[in-house]
**Student:** 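After the structure tokens below, expect a handful of questions from me.
All ligand and atom numbering here is 1-based and tracks the order in the structure. Note that the numbering runs from 1 along the sequence shown for the chain. What you see below is based on every heavy atom in this structure, not just the backbone, and it leaves out hydrogens, waters and symmetry mates.
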Amino acid sequence: MTDARPIRVETHGRVGLITLHRPQQLNALNDALMDALGAALQAFDADPGIGAIVITGSDKAFAAGADIDAMQDWSYMDVYQSDFITRNWETIRTIRKPVIAAVAGYAMGGGCELALACDVIVAAESARFALPEIKLAMLPGAGGTQRLPRAVGKAKAMDMCLSARMLDAQEADRYGLVSRVVPDAELLERTLALATQIASFSLPALMAIKESVNRAWESSLTEGILFERRALHARFASADAHEGMHAFLDKRKPAFEHR
Ligand code: CAA
């Protein structure tokens with residue numbers, strides 16, 4: 001019997017793992033999948049036992065984009081009134097814990113945009129990134145025209161968006177689209193190890209760092225620095241920060257309570 005659930009959810013210690021699962025459609029992102037992904041992300045975000053979240057796909061595709069079959073006959077009013085993309089894809093923007101994409105195979109269109117919406121991207125050697133919406137006379141509408149230039153600069157982003165150019169993992173690494181490249185056979189193991197390391201740190205400190213780095217995209221340097229400084233000052237109200245500094249000086253491992 002085939003498993004019709006569009007995602008699978010597991011926990012590995014303090015790491016929540018979400019696997020996109022529409023193998024026949026190369027994980028094309030339809031509403032059922034994006035609703036389930038949003039719900040799983042929110043559940044992990046609310047779970048005090050989870051410190052980091054990993055999203056992955058299959059060996060062949062992280063995700064081949066928004067579901068073209070579902071979209072083909074939609075009208076403007078359909079998408080405007082139902083607030084397509086905003087209503088469920090953007091749940092990821094509200095997640096406060098670190099989210100890591102583990103990408104093998106195709107990350108195309110909305111799949112590339114989903115990866116770009118994550119905080120860290122670990123790419124397998126087989127990963128391929130493209131925003132090919134121009135081939136459909138569409139446009140990258142899940143953040144691609146905004147996040148890609150912030151990640152790789154205008155020249156590369158325009159090239160990718162206007163020509164549908166596909167990047168391999170090494171190019172994506174060189175251009176700053178991904179955080180690291182690893183062999184395919186080690187993708188999940190290495191990403192879970194990274195997520196486990198991140199999740200072992202103090203959760204409120206991780207959340208403050210995520211918020212501060214994201215602020216760099218959204219504000220002037222002066223405003224961003226002020227935000228960062230306030231976040232640093234707030235660390236002095238955290239039991240974990242005092243524990244971290246005392247443990248360092250005592251030459252022992254810190255015991256974080258995520259407070
Ligand atoms: N939506 C729906 N179905 C898709 C799909 C998608 N985005 N991508 C692949 N599929 C389906 C194919 O239709 C095919 O189904 P059938 O077996 O029923 O024919 C199956 O998945 C396997 O795909 P292919 O036979 O095409 O596999 P391939 O290995 O030859 O090619 C690929 C792989 C290059 C990724 C190719 O599938 C492809 O180009 N897919 C579309 C990519 C794309 O255009 N993405 C952008 C979507 S629009 C978007 O995302 C808008 C936005 O910003 C929100």
**Student:** Which value, rounded to the nearest 0.5 Å, describes the distance between Leu148 atom CG and Met158 atom CE?
**Tutor:**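 It comes to 10.5 Å.
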**Student:** Near Asp159 CG, under 6.0 Å, is it more than 12 heavy atoms from other residues, nucleotides or ligands?
**Tutor:**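 More than 12 within 6.0 Å, yes.
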**Student:** At a 4.0 Å cut-off, with the gap strictly under it, does some heavy atom of Ile85 reach an atom of ligand 1?
**Tutor:**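 Yes, Ile85 has heavy atoms under 4.0 Å from ligand 1.
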**Student:** Heavy atoms of the protein only: does one fall short of 4.0 Å from atom 16 (P) of ligand 1?
**Tutor:**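 Answer no: nothing from the protein, no heavy atom, is under 4.0 Å.
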**Student:** Polar contacts were defined as any N/O atom of the residue lying under 3.5 Å from an N/O atom of the ligand; does this apply to Gly109 and ligand 1?
**Tutor:**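 Min N/O separation from ligand 1 is not below 3.5 Å for Gly109.
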**Student:** Mark yes when over 12 heavy atoms from residues, nucleotides or ligands other than Arg96 sit less than 6.0 Å from its CZ; otherwise mark no.
**Tutor:**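 Atom CZ in Arg96 is not packed in, count stays at 12 or less.
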**Student:** Run the numbers for me: atoms of ligand 1, each under 4.0 Å from some heavy atom of Pro140, listed by number.
**Tutor:**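 So the answer, numbered in order with elements, is 53 (O).
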**Student:** What do you reckon, does Glu133 put a non-hydrogen atom under 4.0 Å from ligand 1?
**Tutor:**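 Under 4.0 Å: yes for Glu133.
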**Student:** Quick check for you: to the nearest 0.5 Å, what is the distance between Ile209 atom CD1 and Arg235 atom CZ?
**Tutor:**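 It is 8.0 Å, given to the nearest 0.5 Å.
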**Student:** Below 4.0 Å from any atom of ligand 1, is there a heavy atom belonging to Gly144?
**Tutor:**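 Flag not set, Gly144 not near ligand 1.
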**Student:** Tyr80 vs Tyr76 aromatic rings, parallel, tilted or perpendicular, using cut-offs 30° and 60°?
**Tutor:**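 Parallel.
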**Student:** Counting only heavy atoms on the protein side, is anything nearer than 4.0 Å to atom 52 (C) of ligand 1?
**Tutor:**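 Under 4.0 Å from atom 52 (C) of ligand 1, at least one protein heavy atom found.
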**Student:** First locate atom CD of Glu125, then atom CD of Glu186, and finally report the distance between them rounded to the nearest 0.5 Å.
**Tutor:**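 One finds 10.0 Å between CD of Glu125 and CD of Glu186.
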**Student:** Tell me, which protein residue and heavy-atom name are nearest atom 8 (N) of ligand 1, and how many Å apart are they?
**Tutor:**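 Nearest protein contact, heavy atoms only, for atom 8 (N) of ligand 1 is Ala64 CB, 3.4 Å.
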**Student:** Kindly compute the distance separating CD1 (Ile92) from SG (Cys118), expressed to the nearest 0.5 Å.
**Tutor:**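 Rounded to the nearest 0.5 Å, the CD1-SG separation comes to 4.0 Å.
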**Student:** Of all the non-hydrogen atoms in the protein, which one sits nearest to atom 29 (O) of ligand 1, and at what distance?
**Tutor:**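 Of every protein heavy atom, Lys60 NZ, 2.8 Å lies nearest to atom 29 (O) of ligand 1.
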**Student:** Supply the atom-to-atom distance Phe84 CZ to Thr86 OG1, rounded to the nearest 0.5 angstrom.
**Tutor:**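 It comes to 9.5 Å.
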**Student:** Would you check whether Leu139 reaches within less than 4.0 Å of ligand 1, judged by its heavy atoms?
**Tutor:**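 Leu139: in contact with ligand 1 (<4.0 Å).
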**Student:** At under 4.0 Å between heavy atoms, is it the side chain or the backbone of Pro132 that contacts ligand 1, or both, or neither?
**Tutor:**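 For Pro132, the contact with ligand 1 is made by the side chain alone.
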**Student:** Give a yes/no verdict on whether any heavy atom in Lys135 is under 4.0 Å from an atom of ligand 1.
**Tutor:**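 No, Lys135 has no heavy atoms under 4.0 Å from ligand 1.
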